[in-house]
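Working notes, beginning with the structure itself.
Convention: sequence-line order gives letters A, B, ...; per-chain numbering from 1.
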Amino acid sequence: MTVRTRYAPSPTGALHIGNVRSGLFAWLFARHHRGAFILRIDDTDRERSTVESLNEILESLTWLGIEWDEGPPNPEYFQANRFHRYREAARELLRNGRAYPCYCTAAELDAMRKQAEREHRKPGYDGRCRDKPFPPDIELPDARAGRNYTIRFRSPRHGETVVDDLVKGRAVFDNAELDDLIIFRSDGVPTYNFATVLDDADFRITHVVRGDDHLPNTPRQMQIFHALGLTPPAYAHLPMVMGPDGAKLSKRHGATSVFAYRDAGYLPEALLNYLARLGWSHGDQEIFSRDELIAYFDFDACGKSAGIFNPEKLLWLNFHYMKERPLDQLAREVRPFIEKRGLPIPGDDAWLAKMVATLRERAKTLVELVDFAVFYLKDEIDIDPKAAAKFLKPEMAPVLMELANQLGSIDNFNEEAIKAAFERVMAGHNLKLGQLAQPVRVALTGGTVSPGIFEVIAVLGRERTIARLRDAVRKTHSVG
RNA sequence: GGUCCCAUCGUCUAGGGGUUAGGACACCGGCCUCUCACGUCGGGAACGCGGGUUCGAAUCCCGCUGGGAUCACCA
């Protein structure tokens, strides 16, 4: 039997990285077994579902390279388009007595819960409508047509339900602990646990891979499978991703959506690698290509305990992938971040690549790289007053002038020749490289930190370099 | 509170009866050096507690403690 896994996000908000990791593992498992990965949209909640959110899901997965074999835009993979199927299944359950109408109102249910809580009993539904007689061909609820009731699943009262989880191992649930859950709401909409079962059944999902927050739902879903005469799929419940405070990762932990990381200048390979390695391992290996991930992935190598999201390690991975990227590709990826910043690019693609080459080992994200690149890109730079006070002293003026002249007379304006020009100036004034490089650095970049001074000059070009040196000379007078 | 899940450095993890408990991120120090980085070398840092089983337990079993998830006419 070929493996079929699915990822079923609901389009009700940003695509969260904790959530997308479950999708990643489902995808890896399917790819590893040369099976199919299905993307299904859980949009039964039409109030909260939006197209923006749907697009974000699709774009995020595409950006990460998690491609689906079946799913959108095919309309059959949207729950909203499958209501006929849910209704049919609910009628079947009503006919064979595995479900029943419940006439309790939301207010009554609420009161029931509160009462139980006061008496320190479990807050579940007490089954008061369970044994009321009803016609087997009773219509499904529809509050607008006056059929103001819900349909509940008749859950077995005795025995136990065993989940043999691929990640967690065996979990045994006492059926007496499971109350009769609503499978159809009074507005005629099926609930999640019911719709999910039918989808997983109809799409012939062999392995349900999801976060372990769904583990408590699993015995209920298995019971519905059985009531429908179907065999449940295998389950793999992955541990959650937590924030630094140890609680389930959520918006209040800051940037958590895939888009947020994309926009912050992270590379998809880095995020993918990081997410895969959170809760899964392959010996001591830290860096994995997509193909390696697929080749090595296995639930046996998944940990059982929740993992805390570590932004520093993600940063390190991003840095790694930026360093090993082909230069022209990295330059191409940096470009939109420069544009977004409203900065001009004073050269062609080859120039941009040279600029990126000097910066890539100093920046951990694309955004950070652009931060460092400002002095290359802007015509006018701001000089840090403290740096100027320390390095642009009046006695440096003639030295900088001479360097400008030397640089002006070079034939081939390359690093080698630039270095030779420096050496001539240093020899003439009896200076060491450090004594010359820092003032020049301040003059050219506005600060005391930059790539090697020869490469900076080579990238900046003769015109700009000389202009900035002269500017700096003028400033030494005003300082002095 | 009920139910379920989980427990090795700060974090991600390897190790599943005998190991100086390994790696990675982060941190600290040396080297490299025109600054900052990169790189490189080195360092500190962990088996939650208590009982068993065993010649021997981080490893197997039980309990405790701690953490998490979940208990909707949300998904």
Side-chain angles (χ1 to χ4, degrees), chain A residues 8-10 12 42-45 47-49 79 102 104-106 109-110 113 116-117 120-125 141 143 148-152 163 165 167-169 171-174 177-179 181-193 195-196 211-219 237 239-240 242 244 246-248 274 277-287 301 303-317 319 323 359-364 372 387 391 419 422 432-442 445 447-454 456:
Chain A
S10 60
T12 53
D42 276 16
D43 59 350
T44 48
D45 188 345
E47 298 278 301
R48 297 196 300 144
S49 296
Q79 286 189 328
C102 172
C104 299
T105 65
L109 258 18
D110 202 41
R113 247 192 307 275
E117 209 153 310
H120 299 291
R121 302 190 333 264
K122 50 188 169 189
Y125 176 66
N148 204 347
Y149 45 85
T150 61
I151 305 296
R152 281 185 190 271
V163 181
D165 195 87
V167 173
K168 298 279 189 170
V172 180
F173 295 83
D174 188 343
E177 294 291 336
L178 274 20
D179 63 356
L181 81 163
I182 291 174
I183 58 173
F184 246 85
R185 308 194 301 197
S186 54
D187 61 359
V189 174
T191 58
Y192 165 78
N193 278 300
T196 292
D212 71 7
D213 49 340
H214 285 280
L215 195 50
N217 284 328
T218 306
H237 285 97
M240 303 266 80
M242 312 300 220
K248 191 171 159 181
Y274 178 74
R277 201 44 201 71
L278 215 196
W280 173 82
S281 62
H282 183 71
D284 283 341
Q285 190 170 341
E286 295 288 349
I287 306 293
K304 296 179 174 188
S305 49
I308 292 174
F309 181 80
N310 184 345
E312 254 107 43
K313 188 148 182 187
L314 206 208
L315 221 39
W316 172 75
L317 274 164
F319 178 59
K323 271 191 301 185
L359 259 19
R360 70 191 321 192
E361 284 182 354
R362 273 158 256 262
K364 291 191 192 308
F372 283 127
F391 293 107
K419 188 174 178 205
F422 264 69
K432 284 194 269 193
L433 181 55
Q435 294 171 289
L436 180 56
Q438 276 309 76
V440 173
R441 175 167 284 119
V442 173
T445 72
T448 55
V449 172
S450 86
I453 197 65
F454 307 132
V456 164

Under-3.5 Å donor-acceptor pair between A:Ser186 side chain and B:rC73 base: yes
For the pair A:Asp43 and A:Arg48, find out whether any cationic side-chain nitrogen is under 4.0 Å from an anionic carboxylate oxygen. no
Complementary nucleotide of B:rG1, counting Watson-Crick and G-U pairs under 3.5 Å: B:rC71
Scan A:Gly279 against the nucleic acid and name what it touches under 4.0 Å (heavy atoms): base, sugar-phosphate only, or nothing. sugar-phosphate
Tell me which nucleotide among B:rC38, B:rC4, B:rC6 gets nearest to the side chain of A:Lys323. B:rC38
Select from A:Lys168 and A:Asp213 the residue whose nearest nucleotide in RNA chain B is closer to the 5' end of that strand. A:Lys168
Would you call the rings of A:Tyr192 and A:His214 parallel, tilted or perpendicular if under 30° counts as parallel and over 60° as perpendicular? tilted
Let me know the distance between CG of A:Asp174 and P of B:rU3, rounded to the nearest Å. 10 Å
Picking from B:rC6, B:rC4, B:rU35, which would you name as closest to the side chain of A:Leu215? B:rC4
I'd like to know if A:Glu361 pairs up with A:Lys323 as an ion pair, taking the criterion as any Lys NZ or Arg NE/NH1/NH2 lying under 4.0 Å from an Asp or Glu carboxylate oxygen. no
RNA chain B: 5'-proximal contact among A:Ala8 and A:Met240 (nearest heavy atom): A:Met240
Polar side chain donor-acceptor pair, A:Arg185 to A:Thr150, under 3.5 angstrom: no
In whole angstrom, give me the gap between the P atoms of B:rG2 and B:rC64. 12 Å
Report yes or no: is there a donor-acceptor pair, N or O only, under 3.5 Å between the side chain of A:Gln285 and the base of B:rG23? no
When both hydrogen-bonding distances must be under 3.5 Å and the geometry is Watson-Crick or G-U wobble, what is B:rU11 paired with, if anything? B:rA24
pair_partner(B:rC49), Watson-Crick or wobble, both distances < 3.5 Å, evaluates to B:rG63
